[in-house]
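A short worksheet on the structure shown next.
Naming: A, B, ... by sequence-line order, numbering from 1 per chain.
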Amino acid sequence: MPELIEVETYRALADEVVGRTVSEVHAPDDWFVKGSTAEEVVATMTGESILATRRRGKLLLMDTTGPTLGLRFGMTGRLLVDGAAAISKLEYSSDRNDPAWDRFALRFVGGGDLVLRDPRRLGGVELDPQEDALGIDATTVSAQQLAAVLASSARPLKARLLDQARVAGLGNLLVDETLWRAGLDPQRASDELTVAEVKSLRRTMRSTIRALTRRGGSHTGDLQSERRPGGICPKDGAGLATAKVGGRTTWFCPAHQH
DNA sequence: CCGGATGTTCACCT
DNA sequence: GAGGTGAACATCCG
């Protein structure tokens, strides 16, 4: 998915439907609905009005006159409002336009709709999701909070940053890019970082999110084109190394990430 | 044809 | 309880 950057783009798009009233709910896929049946979501959301949109990590929240609706996008989910997508090209997501991939939709009184299109069904929707199961959003985490998260575990730094219950919003690409920019080894025990390193990491995290947001997404990092066998570090020309960290494919520069 | 991919969850180990 | 692994979801791409 959509990492935090893409979900924030979706949130801004979803703002278009604030003030509208749901006339019809399309929930054809029971598996896509978490925590209740699709039938319940249809019955509960119909007739409610959208009050506001929020985001915590990769979770998009829509407050309504009824329950809060939570939307998750998995790796391949996209959001379309009134037929238009916020992001036309999403890596690993087809540009094809198959209505069978519309896993959930709200249609509104007076027209228009909000559609969650997800070929792989890795996302989902949920009424009143447990927001507190997610850690502090990566865009707002304080140095002190980040230090506490990292100090409380000897897991690899990257695994800790990917743990949505600790810091919410960072995905595989964003973490690799951030650690590469910060010069930190993804495999280092997270509780080994010094205070200065944590502060530097937080600064780099924020600037990386801002930079990639401007460029157009999580896949626009400097490291992206080198995530392949034979890839070269754009900073110092060293051969990149690859490893499984936190269960995810990881690319890093052994020459300058320590 | 095979393997892996911006993610999450769950079962099953140690 | 912590932490690791592999499977599952379904499609595309190299």
Side-chain angles (χ1 to χ4, degrees), chain A residues 1-10 28-35 55-60 70-79 85-104 116-126 129-131 133-135 138 149 151-180 186-187 189-191 205 208-209 212-213 215-231 242-251:
Chain A
M1 133 173 58
E3 303 189 27
L4 161 168
I5 291 173
E6 285 74 23
V7 179
E8 177 57 24
T9 306
Y10 294 156
D29 187 353
D30 253 311
W31 193 87
F32 204 72
V33 176
K34 317 295 181 185
R55 180 189 59 77
R56 181 152 172 176
K58 305 170 191 174
L59 176 65
L60 173 57
L71 283 69
R72 291 190 173 85
F73 297 89
M75 281 204 294
T76 54
R78 284 191 291 177
L79 191 72
I87 301 168
S88 56
K89 169 121 178 71
L90 190 62
E91 213 95 329
Y92 304 120
S93 183
S94 169
D95 280 340
R96 276 177 56 204
N97 215 23
D98 193 334
W101 296 337
D102 291 357
R103 312 296 182 185
F104 184 81
L116 206 173
R117 179 169 296 164
D118 183 4
R120 287 182 61 183
R121 294 167 87 215
L122 296 170
V125 300
E126 186 175 6
Q130 279 296 312
E131 300 177 34
L134 293 169
V149 163
S152 59
S153 168
R155 293 185 74 191
L157 175 57
K158 174 171 176 177
R160 207 64 176 156
L161 294 175
L162 282 175
D163 187 345
Q164 302 299 302
R166 306 294 169 172
V167 178
L170 303 177
N172 199 33
L173 296 182
L174 214 33
V175 168
D176 272 9
E177 179 78 11
T178 295
L179 294 180
W180 174 77
Q187 301 175 109
S190 84
D191 61 359
M205 188 184 297
T208 301
I209 292 168
L212 301 204
T213 297
R215 291 187 195 173
S218 306
H219 59 289
T220 60
D222 295 335
L223 205 56
Q224 184 69 16
S225 63
E226 302 301 324
R227 299 177 61 89
R228 52 176 175 76
T242 186
K244 282 268 186 227
V245 184
R248 311 298 300 278
T249 297
T250 301
W251 293 89

- Message: For a 4.5 angstrom cut-off between non-hydrogen side-chain atoms, does A:Leu179 reach A:Leu161?
- Response: yes

- Message: Do A:Val175 and A:Arg248 make a side-chain contact, defined as non-hydrogen atoms from C-beta onward lying under 4.5 Å apart?
- Response: no

- Message: What's the closest nucleotide to the side chain of A:Gln164 if the choices are B:dT8, B:dA5, C:dC9?
- Response: B:dT8

- Strictly by modelled atom types, are A:Thr249 and A:Lys244 linked by a side-chain donor-acceptor pair under 3.5 Å? yes

- Task: Look up atom CG in A:Leu116 and atom CZ in A:Arg103, then write down how far apart they are to the nearest 0.5 Å.
- Result: 10.0 Å

- Task: Identify which nucleotide among C:dA10, B:dA5, B:dG7 has an atom closest to any side-chain atom of A:Asn172, counting heavy atoms from C-beta outward.
- Result: B:dG7

- C:dG1 and B:dT8, which share atom name P, separated by this distance in whole Å: 22 Å

- Task: Counting heavy atoms from C-beta on, name the nucleotide in C:dT11, B:dG4, B:dG7 closest to the side chain of A:Pro119.
- Result: C:dT11

- Item | Check ion pair A:Arg215-A:Asp222 (N to O, under 4.0 angstrom) | yes

- Item | Whole angstrom value for the distance that separates P of C:dA10 from CG of A:Asp118 | 10 Å

- Rounded to whole Å, the CZ-P distance (A:Phe32 to C:dT11) equals 13 Å

- Strictly under 6.0 Å, is that where the ring centroids of A:Phe73 and A:Tyr10 end up? yes

- Rounded interatomic separation in angstrom, taking CZ from A:Arg120 and C1' from C:dC12: 9 Å

- Query: What pair of heavy atoms forms the shortest contact from A:Asp176 to A:Leu223, and how long is it?
  - Reply: O-CD2, 3.8 Å

- Message: Nearest whole Å is fine: how far is B:dG7 P from A:Arg248 CZ?
- Response: 4 Å

- Looking at NE2 of A:His219 and CG of A:Leu212, how far apart are the two atoms once the value is rounded to the nearest 0.5 Å? 9.5 Å

- With the side chain of A:Trp31 defined as its heavy atoms from C-beta on, choose the nearest nucleotide among C:dT11, C:dC9, B:dT8. C:dC9

- Message: So, does A:Thr249 get its side chain near the phosphate of B:dA5, meaning an N or O under 4.0 Å from OP1 or OP2?
- Response: yes

- Message: How many whole angstroms separate atom CG of A:Leu162 from atom P of C:dT5?
- Response: 14 Å

- Task: Would you write the dot-bracket representation of DNA chain C, where each base gets (, ), [, ], | or . depending on whether it forms a Watson-Crick or G-U pair under 3.5 Å and with which partner?
- Result: .||||||||.||||

- May I have the distance from A:Met75 (atom CE) to C:dA10 (atom C1'), rounded to whole angstrom? 10 Å

- Message: Go through it in stages, so that I can follow the logic: the residues are A:Leu174 and A:Thr208, the test is side-chain contact (heavy atoms from CB on, under 4.5 Å), and I'd like the CA-CA distance, side-chain angles, deciding distance and then a yes or no.
- Response: CA-CA 8 Å; A:Leu174 214 33; A:Thr208 301; 4.2 Å; yes

- Could you check how far CG of A:Asp29 sits from P of C:dA10, rounded to whole Å? 8 Å

Close N or O pairs between protein and nucleotides 11-14 of chain B (under 3.5 Å):
none

- What's the spacing between A:Arg72 CZ and A:Lys34 NZ if we round to 0.5 Å? 9.0 Å

- Query: How about A:Thr242 and A:Arg227: does a side-chain donor come under 3.5 Å of a side-chain acceptor?
  - Reply: no

- Message: Using a strict threshold of under 4.0 Å (side-chain N to carboxylate O), is an ion pair present between A:Arg117 and A:Asp98?
- Response: no

- Task: Take the protein atom CG of A:Asp163 and the nucleotide atom P of B:dT8, then report the distance between them rounded to whole Å.
- Result: 10 Å

What does the list of N/O pairs under 3.5 Å between the protein and nucleotides 2-4 of chain C look like, with a distance for each?
{"from": "C:dG3", "atom 1": "OP1", "to": "A:Ser153", "atom 2": "OG", "distance (Å)": "3.3"}
{"from": "C:dG4", "atom 1": "OP2", "to": "A:Arg155", "atom 2": "NE", "distance (Å)": "2.9"}
{"from": "C:dG4", "atom 1": "OP2", "to": "A:Arg155", "atom 2": "NH2", "distance (Å)": "3.0"}

- Message: Just to be sure I understand the rule, does A:Arg227 reach a base, reach only the sugar-phosphate, or reach nothing, if contact means heavy atoms closer than 4.0 Å?
- Response: sugar-phosphate

